[in-house]
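For the single chain, residues carry numbers from 1 onward in sequence order.
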Amino acid sequence: MTIRVLLADDQALLRGTFRLLIDAQSDMEVVAEASNGREAAELARAERADVVVMDIRMPEVDGIEATRLIGQDEDMAGVKVLVLTTFEMDEFVVQALRAGASGFLGKGVEPAQLLDAIRLVAADEALLSPTATKGLIARFLSQPSPGGLADPKRLAALTPREREVMTLVATGLSNDQIAERLFVTPVTVKTHANRAMAKLGARDRAQLVVIAYETGLVRAGETQA
């Protein structure tokens, strides 16, 4: 299946570079380009994009608000947003994750990393960020959000196994790693994660991570031995 990609960046040269790279792949294509967040949200719906490669700083409507518009539209429930930012250590990255982004990368990544990121986000396999910035995300997410911390009681709907899988997902482990740890198959892990997402109203694994930190299920800096 071909991954339909929308490029959202106010720099035409950068969009052109990304288009050449993406269109050269046999499993993905650029279906549209947007120069601001409003266009990005409109085109994501019109072109039925699978992944939006979203810049944060854009005129009129920025990438954070565009991500929020996409996330709030039920007709775009399957659209994933991959944020590209010049500064990885940027609080706006966390705002984008809270708004519904599926992950982020710095603009300095290698071409192969960007392509892999698009594929992973499309497959909903993981929260994308370099190891060093996972700790940064955890630190920011452990701080109160503008609307206050999420109520831990919302986790009551989860089974013990779903909570366990959610915790491991939030600490950055892949389905294969979680499966090995719990002595189950990767398919079983994905099933538990999907059920947790459905019960909590999370769009994808990235949002599951956000909820895990905001409810206190996982604390900043925690790792799984």
If I compare all heavy atoms of [X] with all of [Y], which pair ends up nearest, and what's the gap?
{"X": "P59", "Y": "N36", "answer": "O-CB, 3.2 Å"}
{"X": "V51", "Y": "A122", "answer": "CG2-CB, 3.8 Å"}
{"X": "A206", "Y": "A101", "answer": "CB-O, 3.6 Å"}
{"X": "A41", "Y": "A66", "answer": "CB-O, 4.5 Å"}
{"X": "T67", "Y": "A96", "answer": "CG2-O, 3.9 Å"}

- request: Please identify each residue that fulfils side-chain contact (heavy atoms from CB on, under 4.5 Å) with E42, with sequence neighbours left out.
  value: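 By the side-chain contact (heavy atoms from CB on, under 4.5 Å) rule, E42 matches R38.
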
Under a 3.5 Å threshold, yes or no: a donor from one side chain and an acceptor from the other, between [X] and [Y]?
{"X": "T185", "Y": "T188", "answer": "yes"}
{"X": "S102", "Y": "D204", "answer": "yes"}
{"X": "N175", "Y": "R205", "answer": "yes"}

Is there a path of hydrophobic side-chain contacts, each under 4.5 Å between heavy atoms of I, L, V, M, F, W or Y residues, that connects [X] with [Y]?
{"X": "L82", "Y": "L14", "answer": "yes"}
{"X": "V61", "Y": "V83", "answer": "no"}
{"X": "V31", "Y": "L21", "answer": "no"}
{"X": "L69", "Y": "M76", "answer": "no"}
{"X": "L217", "Y": "L208", "answer": "yes"}

Gap separating the [atom1] atom of [X] from the [atom2] atom of [Y], nearest 0.5 angstrom:
{"X": "L43", "Y": "S35", "atom1": "CG", "atom2": "OG", "value": "9.0 Å"}
{"X": "L105", "Y": "I118", "atom1": "CG", "atom2": "CD1", "value": "9.0 Å"}
{"X": "I211", "Y": "K199", "atom1": "CD1", "atom2": "NZ", "value": "13.5 Å"}
{"X": "E214", "Y": "R98", "atom1": "CD", "atom2": "CZ", "value": "4.5 Å"}
{"X": "K190", "Y": "R195", "atom1": "NZ", "atom2": "CZ", "value": "14.0 Å"}
{"X": "L168", "Y": "I178", "atom1": "CG", "atom2": "CD1", "value": "5.0 Å"}

Sub-4.5 Å side-chain heavy-atom contact between [X] and [Y]:
{"X": "K80", "Y": "V52", "result": "no"}
{"X": "L84", "Y": "D9", "result": "no"}
{"X": "V30", "Y": "V53", "result": "no"}
{"X": "M28", "Y": "D50", "result": "no"}
{"X": "E162", "Y": "L155", "result": "no"}
{"X": "E33", "Y": "L6", "result": "no"}
{"X": "L115", "Y": "I22", "result": "yes"}
{"X": "E164", "Y": "L182", "result": "yes"}

task: Given side chain to side chain contact (heavy atoms under 4.5 Å, CB included), test F104 with I56 step by step and report yes or no.
output: CA-CA 10 Å; F104 75 93; I56 289 182; over 6 Å; no

- request: Given side chain to side chain contact (heavy atoms under 4.5 Å, CB included), test L200 with M166 step by step and report yes or no.
  value: CA-CA 11 Å; L200 297 173; M166 180 177 174; 3.7 Å; yes

Report yes or no: does [X] contribute a side-chain atom to a donor-acceptor pair with the main-chain N or O of [Y] at less than 3.5 Å?
{"X": "R4", "Y": "E47", "result": "yes"}
{"X": "E60", "Y": "E39", "result": "no"}
{"X": "R203", "Y": "V79", "result": "yes"}

field: Q25 atom CD, neighbour heavy-atom count above 12 within 6.0 Å
entry: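 Counting other residues, nucleotides and ligands, CD of Q25 exceeds 12 neighbours.
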
- prompt: Step by step, would you call R181 with Q177 a side chain to side chain contact (heavy atoms under 4.5 Å, CB included)?
  reply: CA-CA 6 Å; R181 180 167 303 221; Q177 291 171 322; over 6 Å; no

task: Apply salt bridge (charged side-chain N to carboxylate O under 4.0 Å, His left out) to the pair D55 and K107, showing each step before the final yes or no.
output: CA-CA 9 Å; D55 185 27; K107 285 187 175 179; 3.3 Å; yes

Pair D62 + R57, salt bridge at N-O below 4.0 Å: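 A salt bridge is absent here (no side-chain N lies under 4.0 Å from a carboxylate O).
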
